[in-house]
Amino acid sequence: MTDRTALIRPVPDSFPLALVRHGRPDIDLGLARAQHREYRRVLEETAHVVHVVPTDEAHPDCVFIEDTAVIVGTVAIIARIGAESRRGETPPVAEYLSRRFDIVEMRPPGTLDGGDVFLLDDVFYVGRSSRTNDDGIGQLRAIAHHQGFPVVTVDVEDALHLKSAVLPIDDETVVVTPRSVDESKLEGLRVLYEHDDERNRFSALPLDERTVLVTADAPVTAASVAAMGHAIVPLDVSEIQAADGGLTCMSIMLR
Ligand code: CIR
């Protein structure tokens, strides 16, 4: 059976102070925690071993653990997160990953957020964004090439991260928010589009070969994923979305 471990980090009391791109939304802390518990329950129900990294009150965004590290073959790259206030999130994640991977800490001036990286059909796609710079991409590329993986850089034009706008569903399919990234770099992939009425609401996390966790507030886009034969599991993560998060950002998947 496939080894599926998911690292998660609970919602801290300070979560309502999380970074946001626009304004300061009201975040219901109790609801955020309930939604996070549901996320954990779905992972456990789909045969993931969930490892919980203790939360950190000094880092309101620490629930977005995805941004702290990228697994590239046998190496765990510890990110130098683009937002300076988040850089202290990485040590406990690195400590856990060091039990299973060779650790490479990203060096300045490189910056990279895990939310800008996905692996699809053995190719790494990396977003050049307001959080991930060319030097960070270069460091990731060197390690990926050494491990035998090609790297494609995608300019993120109107989104926080690559995975805010391009969501991998399976080995050949992504769901894209129109007019958000340089789509020419996605050539060769099957592209489904987020419905315009649901702009920036759809997020997805493949749970196994067949099942995809999707945000509950983008049902039309989710239906297009279901039409391809995937079983979809909708989850309400309104409070996570209020802090610019989605479904991938709350875990690091070790598979
Ligand atoms: C931030 O601005 O860094 C957080 N409030 C949201 C990060 C979401 N991360 C992700 O999608 N990978």
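Just follow the structure's listing: the first ligand is 1, and inside any ligand the first atom is 1. Owing to the predicted nature of the structure, the values given are computational and were not obtained by experimental measurement. In what follows, every heavy atom counts, from backbone to side chain, and hydrogens, waters and symmetry copies are set aside.
- Residue D67 has at least one heavy-atom neighbour below 4.0 Å for each of these atoms of ligand 1: 7 (C), 8 (C), 9 (N), 10 (C), 12 (N).
- A salt bridge does not link E89 with R80: none of the charged nitrogens is closer than 4.0 Å to a carboxylate oxygen.
- Heavy-atom separations between S164 and ligand 1 are all 4.0 Å or longer.
- Taking hydrophobic clusters as Ile, Leu, Val, Met, Phe, Trp and Tyr residues chained together by side-chain heavy-atom distances below 4.5 Å, V154 shares a cluster with V156.
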**Prompt:** Can R99 and E95 be said to form a salt bridge (charged side-chain N to carboxylate O under 4.0 Å, His left out), step by step?
**Reply:** CA-CA 7 Å; R99 303 178 202 172; E95 193 282 316; 3.2 Å; yes
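- Near G115, with a cut-off below 4.0 Å to any heavy atom, the atoms of ligand 1 are 12 (N).
- Here the side chain of R33 pairs a donor or acceptor atom with the backbone of V11 at under 3.5 angstrom.
- Using a cut-off of 4.0 Å between Lys/Arg side-chain N and Asp/Glu carboxylate O, R41 and E38 are scored as salt-bridged.
- At under 3.5 Å, a nitrogen or oxygen of A243, whether backbone or side chain, sits near a nitrogen or oxygen of ligand 1.
- Checked against R128 for a salt bridge (Lys or Arg N to Asp or Glu O under 4.0 Å), the options D116, D135, D113, D155 give a single hit: D155.
- Atoms of ligand 1 lying under 4.0 Å from at least one heavy atom of C249, given by number and element, are 9 (N), 10 (C), 11 (O), 12 (N).
- Short contacts between ligand 1 and D61, defined as distances under 4.0 Å to a heavy atom of the residue, involve ligand atoms 1 (C), 4 (C), 5 (N).
- A salt bridge links K163 with E66; the closest basic N to acidic carboxylate O contact falls under 4.0 Å.
- The closest approach between any non-hydrogen atom of K163 and ligand 1 is not below 4.0 Å.
- In this structure, F124 and F149 have perpendicular ring planes: the angle between them is above 60°, well past the 30° mark.
- The distance criterion of under 3.5 Å between nitrogen or oxygen atoms is met by E66 with respect to ligand 1.
- Taking every non-hydrogen atom of D244 and a distance limit under 4.0 Å, the qualifying atoms of ligand 1 come out as 6 (C), 8 (C).
- At a heavy-atom cutoff of 4.0 Å, ligand 1 is contacted by no atom of R21, backbone or side chain.
- Of the options Q241, R131, E89, M250, the smallest heavy-atom separation from atom 2 (O) of ligand 1 is shown by R131.
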